[in-house]
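Notes follow the structure.
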There are 2 protein chains.
Amino acid sequence: MPSPHPKNLGDLSPSLEHYIRAIYDLQAEKGYARVTDISEILGVAKPAVSSALKNLRAIGLVDHRVYESVRLTDEGMKRAKSVSGKYAILLEFLIEVLGVDKEQAFADACLMEHYVSGTSSDRLVDLLRFFEDRKNQGVLEDFHAFRRNCESESNCPDCSFHCDVSLQQIGKAPDRGR
Amino acid sequence: MPSPHPKNLGDLSPSLEHYIRAIYDLQAEKGYARVTDISEILGVAKPAVSSALKNLRAIGLVDHRVYESVRLTDEGMKRAKSVSGKYAILLEFLIEVLGVDKEQAFADACLMEHYVSGTSSDRLVDLLRFFEDRKNQGVLEDFHAFRRNCESESNCPDCSFHCDVSLQQIGKAPDRGR
DNA sequence: AAACAGTATTAATCTAGGTTAACATTGTTT
DNA sequence: AAACAATGTTAACCTAGATTAATACTGTTT
């Protein structure tokens with residue numbers, strides 16, 4: 001008997017996906033990525049990075065000779081852009097459309113980026129573009145006004161379960177299509 | 001040095017969260033939840049369920065005497081409703097608003113339910129209500145029309161990375177607010 | 001060039017959450 | 001009530017991904 005959850009992306013675990021994105025960000029920012037930097041960004045110890053790099057190298061997503069700095073391969077780049085794109089899309093949606101505060105939006109996007117499918121994030125882009133379209137200028141403002149009303153009236157206690165974002169590791173998730 | 005990801009909900013792992021929801025669904029559907037049923041729904045072996053139940057009992061989310069069937073405690077119920085609510089909200093958003101096909105939407109919602117914060121899903125509800133409001137009847141149709149145009153024109157290759165949903169276990173995710 | 005600081009890797013260990021195989025309990029048939 | 005099937009638990013094991021401690025490189029200072 002196999003295991004549960006639909007995997008997110010072409011067989012990259014959320015964990016590895018995150019490493020990829022960190023490397024991508026560092027490369028973009030400073031031109032190169034070192035173990036220490038990655039470890040700091042992700043908040044993990046350096047040996048965790050070393051071991052992740054070994055895996056990523058094994059599946060051809062990074063170039064990395066021991067004791068040297070890391071670079072994404074073309075394939076790694078592709079994956080990184082995908083995740084990074086999802087992050088950006090989710091972030092924009094959460095902040096600009098839903099009006100979620102930034103801290104929370106960062107946290108949510110950072111988690112969800114690994115789980116939203118390409119299809120869904122593409123559609124989300126469409127929605128963002130729709131709101132930006134000159135023909136639909138008023139819509140977003142309407143929504144925000146609507147939301148403020150909404151807020152002040154009722155509140156469904158069942159659906160709001162507030163999540164304090166602490167920096168901690170997440171576990172595995174058993175599951176399947178549902 | 002601690003670990004990375006902002007935890008999703010009040011210290012429940014996605015895995016345990018999933019068990020909670022399965023139990024909740026079963027209780028709603030048949031009045032009770034048995035190990036076998038849970039194991040089938042989640043696609044895991046029965047010992048995995050036993051061990052999850054032990055944890056859930058330890059933190060007071062289920063009542064479960066050995067060899068008997070499982071019930072959520074009040075607290076368990078609260079958590080279950082929260083997750084279940086998020087699932088429903090995400091599903092509706094993906095299908096009705098974004099127009100994602102059902103299979104994909106099920107899969108996405110099933111994953112994201114564990115990672116979206118209460119805040120964000122509340123806002124998502126607002127958005128759904130906004131689209132339902134009589135005053136905004138046309139908007140959703142406009143979007144769908146817009147999307148069809150959009151579709152037929154360009155396509156950003158960077159952001160669309162198609163994910164085939166296979167039934168497999170997901171890994172841990174290192175991370176932090178970032 | 002020797003020493004030191006910084007950086008990276010290895011080794012050993014831990015934990016969560018799975019698995020299978022074997023055993024225990026319960027309930028239904030005959 | 002004996003036997004059997006279904007159900008649940010225990011035990012032993014596996015893996016991913018973390019940790020710390022110790023070790024190995026690298027490069028800069030003196």
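Quick caveat: nothing in here was measured; it's all calculated off a predicted structure. A, B, ... follow the sequence lines: proteins, then strands. Residue 1 opens every chain.
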Exercise. Do any side-chain nitrogens or oxygens of Tyr19(A) fall under 4.0 Å of OP1 or OP2 in dA16(D)?
Worked result: no

Exercise. Rounded to the nearest Å, what distance is computed from the CD1 atom of residue Ile59(B) to the P atom of nucleotide dA16(C)?
Worked result: 12 Å

Exercise. Do Leu124(A) and Lys86(A) touch side chain to side chain, with heavy atoms closer than 4.5 Å?
Worked result: no

Problem set entry | Ser117(A) side chain to Ser120(A) side chain, donor-acceptor N/O pair below 3.5 angstrom | yes

Exercise. Taking atom C1' of dG17(C) as reference, at what distance in whole Å does atom CG of Leu53(B) sit?
Worked result: 14 Å

Problem set entry | From dA8(C), dT20(D), dT7(D), nucleotide with atom closest to Thr36(B) side chain | dT7(D)

Exercise. What pairs with Glu68(B) under side-chain hydrogen bond (donor to acceptor under 3.5 Å, both in side chains), at least two apart in sequence or on another chain?
Worked result: Arg65(B)

For this session: With the side chain counted from C-beta on, respond yes when Arg147(B) and Arg123(A) share a heavy-atom pair under 4.5 Å apart, and no when they do not.
Result: yes

Exercise. OP1, OP2 of dG18(C) versus side-chain N and O of Ser51(B): anything below 4.0 Å?
Worked result: no

Exercise. Please give, in whole Å, the distance from dA8(C) C1' to Arg57(A) CZ?
Worked result: 12 Å

Exercise. Between Tyr32(A) (OH) and dT26(D) (P), how many Å, whole number?
Worked result: 17 Å

Exercise. Tyr67(A): which other cluster members, linking ILVMFWY side chains closer than 4.5 Å, directly or transitively?
Worked result: Val66(A)

Exercise. CG of Leu56(B) versus C1' of dG8(D): gap in Å, rounded?
Worked result: 16 Å

Exercise. Picking from dA18(D), dT9(D), dT19(C), which would you name as closest to the side chain of Val35(B)?
Worked result: dT9(D)

Atom pairs under 3.5 Å: protein N/O with N/O of nucleotides 21-27 of chain C:
none

For this session: Round to the nearest Å and state the distance from Ile38(B) atom CD1 to dA6(D) atom P.
Result: 20 Å

Problem set entry | Closest to side chain of Ala48(A), choosing from dA18(D), dT19(C), dT7(D) | dA18(D)

For this session: Mind calculating the distance between CD (Glu68(B)) and C1' (dA6(D)) to the nearest angstrom?
Result: 16 Å

For this session: Rounded off to whole Å, could you give me the CG-to-P distance for the Leu26(A) and dT7(C) pair?
Result: 14 Å

Problem set entry | Phosphate OP1/OP2 of dA16(C) contacted by His18(B) side-chain N/O (<4.0 Å) | no

For this session: Compare side-chain N and O positions of Ser50(A) against OP1 and OP2 of dT10(C) and report whether any pair is under 4.0 Å apart.
Result: no

For this session: Check whether any side-chain heavy atom of Tyr32(A) sits under 4.5 Å from a side-chain heavy atom of Leu26(A), and report yes or no.
Result: no

Exercise. Is the shortest distance from a Lys or Arg side-chain nitrogen in Glu75(A) or Arg79(A) to a carboxylate oxygen in the other one below 4.0 Å?
Worked result: yes

Exercise. Within less than 4.0 Å of OP1 or OP2 of dA16(D), is there a side-chain N or O belonging to Ser15(A)?
Worked result: no

